[in-house]
Amino acid sequence: MRYTFGITPVPQGRPRFVKRGAFVQTYDPKTSKEFKQTLKKLAVQQSPTLSESALEVSIVFYMSIPKSKPKKWREHPPAHCSKPDTDNLVKSTLDALTGVLWKDDSQICTLHAHKEYSCDPRIELEVTEVDS
């Protein structure tokens with residue numbers, strides 16, 4: 001199945017900690033939490049089927065082109081080799097889609113991910129069930 005989510009990709013932020021009495025609580029930063037909630041809502045709107053088998057997932061993150069770049073650069077942008085890190089983008093996306101597209105992200109046995117510059121920031125995802 002192919003899915004396209006019209007949302008600007010957000011990397012998984014570092015966990016935050018707060019001390020409450022004798023206990024320490026861990027939580028997601030606000031931007032990561034909001035991104036995951038929005039992505040989950042967008043995924044549910046596409047009426048996916050929850051998979052419980054082994055999966056192969058391909059993800060393309062289309063990142064905004066910086067406004068500071070000249071027009072010539074924008075027409076033929078190079079590979080996106082700057083922050084945010086691809087692995088942090090993958091982590092936040094897979095976490096958000098757990099329970100919607102797959103039961104647990106441990107089902108993903110093959111993963112392909114890359115990021116590109118685009119005038120239309122979005123996430124494109126292809127999920128394929130792997131024969132056992």
Side-chain angles (χ1 to χ4, degrees):
M1 292 291 298
R2 284 183 146 317
Y3 302 95
T4 300
F5 306 107
I7 184 173
T8 302
V10 174
Q12 176 65 44
R14 296 212 181 267
R16 304 291 182 216
F17 303 94
V18 64
K19 188 172 181 177
R20 299 197 188 259
F23 301 98
V24 176
Q25 184 178 5
T26 307
Y27 63 96
D28 265 348
K30 184 179 180 183
T31 55
S32 296
K33 184 177 179 180
E34 289 173 352
F35 168 76
K36 289 178 186 180
Q37 290 171 344
T38 305
L39 184 57
K40 185 173 269 197
K41 286 177 188 173
L42 292 172
V44 168
Q45 289 174 359
Q46 296 187 28
S47 303
T49 55
L50 183 69
S51 178
E52 294 189 20
S53 60
L55 301 171
E56 179 176 337
V57 177
S58 295
I59 309 173
V60 182
F61 298 101
Y62 291 94
M63 309 299 287
S64 299
I65 296 175
K67 292 181 181 180
S68 62
K69 299 297 182 184
K71 184 177 179 182
K72 185 177 180 180
W73 188 94
R74 290 175 188 228
E75 291 171 359
H76 304 288
H80 190 292
C81 296
S82 59
K83 292 192 182 258
D85 297 352
T86 306
D87 61 330
N88 290 334
L89 292 169
V90 168
K91 179 68 177 153
S92 64
T93 302
L94 296 183
D95 285 351
L97 298 174
T98 297
V100 179
L101 299 182
W102 43 78
K103 191 173 182 180
D104 187 65
D105 55 4
S106 64
Q107 295 170 236
I108 301 169
C109 57
T110 306
L111 177 66
H112 305 277
H114 72 277
K115 54 188 178 174
E116 298 178 10
Y117 284 112
S118 174
C119 294
D120 179 25
R122 66 191 182 280
I123 300 170
E124 291 185 358
L125 190 84
E126 186 171 354
V127 180
T128 309
E129 290 190 0
V130 178
D131 296 330
S132 299

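Since this is a predicted model, take the numbers as computed values, not measurements.
- Taking a cutoff of 4.0 Å between a charged side-chain nitrogen and a carboxylate oxygen, Lys91 and Asp95 qualify as a salt bridge.
- Remark: His76 NE2 is loosely packed, at most 12 non-hydrogen atoms of other residues, nucleotides or ligands lying under 6.0 Å away.
- Note on Val10 and Ile7: same hydrophobic cluster, where clusters join Ile, Leu, Val, Met, Phe, Trp and Tyr whose side-chain heavy atoms are under 4.5 Å apart, directly or indirectly.
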**Request:** Quick one: do Met63 and Leu89 satisfy side-chain contact (heavy atoms from CB on, under 4.5 Å)? Show the steps, please.
**Result:** CA-CA 11 Å; Met63 309 299 287; Leu89 292 169; 4.2 Å; yes

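- One N or O on the side chain of Lys115 and one on the backbone of Pro84 form a donor-acceptor pair closer than 3.5 Å.
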**Prompt:** Is there a side-chain contact (heavy atoms from CB on, under 4.5 Å) between Arg74 and Lys67 once you walk through the steps?
**Reply:** CA-CA 9 Å; Arg74 290 175 188 228; Lys67 292 181 181 180; 3.7 Å; yes

**Request:** Please test Val127 against Ile108 for side-chain contact (heavy atoms from CB on, under 4.5 Å), starting from the C-alpha separation and ending with a verdict.
**Result:** CA-CA 9 Å; Val127 180; Ile108 301 169; over 6 Å; no

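- Leu55 is connected to Tyr3 through a chain of hydrophobic side-chain contacts under 4.5 Å among Ile, Leu, Val, Met, Phe, Trp and Tyr, so both are in one cluster.
- Gln12 and Asp28 share a donor-acceptor pair across their side chains, judged by distance under 3.5 Å alone.
- When all heavy atoms are compared, the tightest approach of Leu97 to Trp102 is CB-CZ2, 3.7 Å.
- Separating the OG1 atom in Thr26 from the CZ atom in Phe17 is a distance of 4.5 Å, to the nearest 0.5 Å.
- A heavy-atom distance below 4.5 Å is found between the side chains of Gln107 and Ser51.
- Between Val57 and Leu125, the closest heavy-atom pair is CG1-CD1, 3.8 Å.
- Side chain of Gln46 to main chain of Thr4: a donor-acceptor pair is present (N/O by atom type, distance under 3.5 Å, no hydrogens or angles).
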**Item:** CA sep, side-chain torsions, deciding dist, call: Leu42, Gln45, side-chain contact (heavy atoms from CB on, under 4.5 Å)
**Value:** CA-CA 5 Å; Leu42 292 172; Gln45 289 174 359; 3.9 Å; yes

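- Under a 3.5 Å cut-off, the side chain of Asp85 and the backbone N or O of Asp87 do not form any donor-acceptor pair.
- The two residues Pro48 and Val44 have their closest heavy-atom pair at CD-O, 3.9 Å.
- Here the closest heavy-atom approach between residue Arg122 and residue Pro9 is recorded as O-CG, 3.8 Å.
- Closest heavy-atom contact between Thr8 and Phe35: O-CE1, 3.6 Å.
- In terms of heavy atoms, Lys103 sits closest to Leu50 at N-CD1, 3.7 Å.
- With sequence neighbours excluded, the residues forming a ring-ring contact (aromatic ring centres under 6.0 Å, His included) with Tyr117 are Trp73, His80, listed by chain and number.
- No donor-acceptor pair closer than 3.5 Å links the side chain of Ser58 to the backbone N or O of Glu126.
- If you chain together hydrophobic residues whose side chains sit under 4.5 Å apart, Val130 and Met1 never meet in one group.
- Side chains of Ile59 and Leu94 form a contact here, defined as non-hydrogen atoms less than 4.5 Å apart.
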